[in-house]
Every structure is written in C-alpha cells, then in structure tokens.
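Predicted model, so just to flag it, every value in this text is computed and none were measured.
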Amino acid sequence: MHRTGVPPSRFTFSSVLNACARLPAILEGKQVHKRLIQSGLLPNNKIVVAMIAGYGKCGDVKEARSVFDCVRETEDASCWAAMVACYAQNGCAKEAIDMYMEMRAREVKISDVAIVGALSACTQLGDAELATTLAADVGRLCRGRGVFVWNALIHMHAKCGSLDLARKEFNAMKERDVITYSTMITALADHGQSQEALSMFQQMQNEGLRPNEVTFISILNACSHGGLVKEGCESFELMTSVFGIRPLAEHVTCMVDLLGRAGQLERAYNLVMENVELANDPGIWGAFHAACRLHGDVEMGEMAARKLGEMDPEDPGNQVVLASGYASNSDWQAAEKVRKMISGKGTKRSPGCSWISG
DNA sequence: CTAGGGTTAG
C-alpha cells in the first residue's frame, strides 16, 4: 500500500475509509481498520464516523457500536448522529430512538443527520405519538433543515397515519426533489388516493423533475391499488419509451398484479414473456400465481406454481404453494400470504463480519 | 489545516 515509507496520516485513513464505505468495499475497509490499529494513531471523530458508516453499510451494527463506544464520552455530535443513522438503516429502530433520546437528554446537538435517523426509525415503528414528538423537535431544532429532513418527515407522517400532516409539510417546502414526490405518491396510494397520486406524478413532471425507477414503482403501485389499468399501462410505457428506464422485477410485479386483478391474465403473462430476463423472479410469479387463483385459472396457476418450485425448491413458501395443491380452491388469503412470503425480504442473509477479524 | 454521517419502493 505505502511502499514509499511515508506513513498514512489520520486524513489518509479517514479518506480511504470513506471511499471503502461508499463503494462499499467491506474487505478493504477491514484491512484499513486493521492498519489503523497497527499504526497506533488514535482515531479522531472523522475516522470514527467513517468507520461507523462503513460497518453500518455492510450491516455490522455490533462492530459499528463498538467503534462508537470508544468515543462515547467525547459527546461529539457527529459520532452520535452517525450511530443513530446506522441503527435506523439496519432496522434497529428501537435502538435508534433510544440513542436519539439520550442525545436529547445529554443536550448533544441534533443535526440533520441525527434527526433524519430518528424520523426514519419512527417511520419503521409506525408510532404516531413518537411522530408528534419528533415533528416538534424538527420545528424547534432544525430550522435550516435540508431536503433530507423534509422528505423523512413527510414519510414519517404518512406511515404513522397522518396523510394531512404529510401534505402540509409537502406544501410548505420550497424546493422539492424526486424523492419528495416519490414519497408523496406512495403516501397517497397507501391512503387510497390513487388519482391524487397520478396528479402528483404530473405535477412532478411539470416542475421539471425526472422520475426515476423508484418513482415508477410508486406510481405503478398506486395504479395497482386503485385498479387503474389504463393509467398503469400508460405509465409503464412512459417509463420504458420516454424515460428509457429498463423495467425492474418490481415494475413487472406491479403490472402483473394490476393486470391480474383485473382478470387480464393473458396480458399479464405476455408482459412477463416480454421481459424474459426477469423470468426467474419469484415475486413476479408469485403475483401471477395469486392472480390465477383469484380468477380460478387452474391451468395457468399450476404452471406458475411449478415455476416457483423450480426457481427455489428450498423456499418453504414455494413448498407450501406446491403442496397445498393449487386446484383445491380453498382460501385465497393463503395464496396472498404465500405471495408476500415469496416476494418479501430475501431468505438468504450474509452473515455480519468485522473489518478487524478479517 | 484538509475530511462525514442522511431521505424514496419491497
């Protein structure tokens, strides 16, 4: 690494660690951490933040926490904020909130990053009372708040049950971005306002913002919820032809769901075949299978069930689909449950690993 | 002295 004999400075370590976190390059990050320890340099706040973020990105919350614990008493606001963010990003909502509350108690400065982590954690919990508290904190503590804070705030309100508050914040914003709109579109769809979601999509384009692949997941989801077949198909077409976005499995799943619910199984099937590079996605076939069940198409349903079985025979969800016998025509809620299981979070997880232990 | 931590879907 440094054959010249010039030893790396703290600046070097923090820069390289940030690069590793950004990529992310887990193994390299561990190597650098190891070298840092060998160098005998005491890590400063910048280095600590870089390491917390790095471990956080590879899902190793424990290691991030142990780095944090080394500087816990310095009360450096950035380290605390990085740790709150790390918890929130890894689904440790409770821990994120506890740490945020401790920051408040110790009067550690609440930065945008810290509040965004807390807002995100509250969103995960769906805790309306906590949402009220945090919204008040934002008002008092984050007056120069950036778009990250606004977006996280809107998302929190929507998921904690208040579309009105989400709207209010949205309307108060001066500068919105693509995430602001994607968040609002999802919020409206979740609250059954599919037409409003479509207007929001239009407004976004009028503002000159370019929708991304997540925006289209949001909009297709809205169409699916509202049974807006025509609008959904038009949006899909818009995405591919005008914006040149290649469909992801999520887009096709939404479309299969939309067409399938409307009883257009053949169209749904054709769409899957047009995107054959995604034909190994269990989510898509799960949606198709559910649609077949809904409309009593036994033949297509069994075909979908076989596909699911071939794709991942180990998956317990697929075993249920195959074993339960599709044609038994029992309850369709079970099929829905299976579909959720299959399309849900992956069953395979990489084990957490430390940068030190290599 | 330099440098960073964050929001959207499922």
May I ask you to check if A/R176 and A/F170 form a cation-pi contact, with NZ or CZ under 6.0 angstrom from the six-membered ring centre and within 45° of the axis?
yes
Taking only Lys NZ, Arg NE, NH1 and NH2, and the carboxylate oxygens of Asp or Glu, determine whether A/R145 and A/E169 approach each other closer than 4.0 Å.
yes
Shortest side-chain distance from A/V116, nucleotide among B/dG4, B/dG10, B/dT7:
B/dT7
According to a strict under-4.0 Å criterion, is A/N45 in side-chain N/O contact with OP1 or OP2 of B/dG4?
no
For a quick check of understanding: with a heavy-atom distance under 4.0 Å over all strands, which category does A/D112 fall into, base, sugar-phosphate or nothing?
base
Give one of base, sugar-phosphate or nothing for A/N221, where a contact means two heavy atoms less than 4.0 Å apart.
sugar-phosphate
Could you give the NE2-to-C1' distance, from A/H157 to B/dT8, as a whole number of Å?
16 Å
In whole angstroms, the gap separating C1' of B/dT2 from CD1 of A/I47 amounts to 13 Å
Examine B/dG5: is either OP1 or OP2 under 4.0 Å from a nitrogen or oxygen in the side chain of A/Q89? Give yes or no.
no
Considering every strand and a 4.0 Å limit on heavy-atom distances, what is the contact class for A/A85: base, sugar-phosphate, or nothing?
sugar-phosphate
Ion pair present between A/K168 and A/D164, side-chain N to carboxylate O less than 4.0 angstrom?
no
Just compare B/dG4, B/dT8, B/dG6 and give me whichever is closest to any side-chain atom of A/V149.
B/dG6
Could you verify whether a donor N or O on one side chain and an acceptor N or O on the other, from A/R65 and A/Y87, lie under 3.5 Å apart?
yes
Is the distance from OP1 or OP2 of B/dT7 to the nearest side-chain N or O of A/H155 less than 4.0 Å?
no
So what does A/N44 hit on the nucleic acid, given a heavy-atom distance under 4.0 Å: a base, only sugar-phosphate, or nothing?
base
Compare the minimum distances between each of B/dG10, B/dT7, B/dG4 and the side chain of A/I217, then state the nucleotide with the smallest one.
B/dG10
Classify the nucleic acid contact of A/S14 as base, sugar-phosphate or nothing, counting any heavy atom under 4.0 Å across all strands shown.
base
Taking 5.5 Å and 30° as the limits, would you call A/F11 and the base of B/dT2 a stacked pair?
yes
Is the shortest side-chain N to carboxylate O distance from A/R306 to A/E310 below 4.0 Å?
no
Please work out if A/S78 contacts a base, only the sugar-phosphate, or nothing of the nucleic acid, heavy-atom cut-off 4.0 Å.
base
